[in-house]
Amino acid sequence: MTLHPEIARFFAGLPTPPGGPLDPAAMRAEEESHVAPLDERLPLHAVDDMIAKTTAGEVPVRIYTPAEADEYGLIVYFHGGAFFLGSL
């Protein structure tokens with residue numbers, strides 16, 4: 001199965017990881033610079049916080065449902081990092 005063109009464009013636009021020692025403040029600023037302002041984002045029908053029950057325990061999940069779409073896709077982010085980057 002191929003990626004939807006919109007999702008492929010998103011992945012293509014992600015920054016490459018920096019080399020050398022990490023600077024968390026600079027990394028957060030770089031990441032934030034790629035986030036579109038709220039008024040330029042696609043409209044959402046709903047944002048739901050839920051709990052997914054797994055054999056390893058409960059996992060919090062957030063589901064974004066677009067206002068209009070012919071089809072729906074799914075991206076799952078698995079965070080395995082140092083928990084110092086990113087935001088909602």
Side-chain angles (χ1 to χ4, degrees):
M1 176 183 281
T2 59
L3 284 176
H4 186 282
E6 194 77 22
I7 294 171
R9 276 193 294 276
F10 170 78
F11 284 134
L14 291 175
T16 57
L22 299 179
D23 179 351
M27 292 170 74
R28 284 187 207 105
E30 171 64 21
E31 188 175 276
E32 188 66 27
S33 74
H34 295 279
V35 176
L38 283 173
D39 60 344
E40 294 178 17
R41 298 180 196 175
L42 295 174
L44 292 174
H45 169 72
V47 178
D48 298 302
D49 290 319
M50 304 179 84
I51 299 293
K53 295 181 181 183
T54 73
T55 57
E58 294 183 340
V59 178
V61 297
R62 177 166 282 180
I63 300 172
Y64 296 92
T65 305
E68 294 181 24
D70 294 331
E71 297 180 77
Y72 295 98
L74 174 72
I75 295 177
V76 178
Y77 292 100
F78 291 96
H79 193 297
F83 298 97
F84 64 93
L85 290 178
S87 70
L88 291 176

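Along the sequence shown, residues carry numbers from 1.
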Exercise for the section: Show your reasoning for whether side-chain contact (heavy atoms from CB on, under 4.5 Å) applies to Val35 and Arg41. Expected result: CA-CA 9 Å; Val35 176; Arg41 298 180 196 175; 3.0 Å; yes
Qualifying residues under side chain to side chain donor-acceptor pair (under 3.5 Å), relative to [X], sequence neighbours excluded:
X: Asp48; value: none
X: Glu6; value: Arg9
X: His45; value: none

Practice task
Report the residues that fulfil salt bridge (Lys or Arg N to Asp or Glu O under 4.0 Å) with Asp39, sequence neighbours left out, ordered by chain and then residue number.
Solution key: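 Not a single residue meets the salt bridge (Lys or Arg N to Asp or Glu O under 4.0 Å) criterion with Asp39.
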Handout entry: More than 12 heavy atoms of other groups within 6.0 Å of Glu68 CD
Key =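 Not buried by this count: 12 neighbours or fewer within 6.0 Å.
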Which residues satisfy the side-chain contact (heavy atoms from CB on, under 4.5 Å) test with [X], sequence neighbours excluded?
X: Ile7; answer: Leu3, His4, Phe11, Ile75
X: Ala67; answer: Pro43
X: Leu44; answer: Val47, Tyr64

Fill in the blank from the handout: Smallest heavy-atom separation, Pro15 atom then Glu30 atom, equals CB-OE2, 3.8 Å
Output side-chain donor-acceptor pairs under 3.5 Å for residues 52-61, partner residues at least two apart or in another chain, one line each.
from: Thr54; atom 1: OG1; to: Ala56; atom 2: N; distance (Å): 3.1
from: Thr54; atom 1: OG1; to: Gly57; atom 2: N; distance (Å): 3.1
from: Thr54; atom 1: OG1; to: Gly57; atom 2: O; distance (Å): 2.6

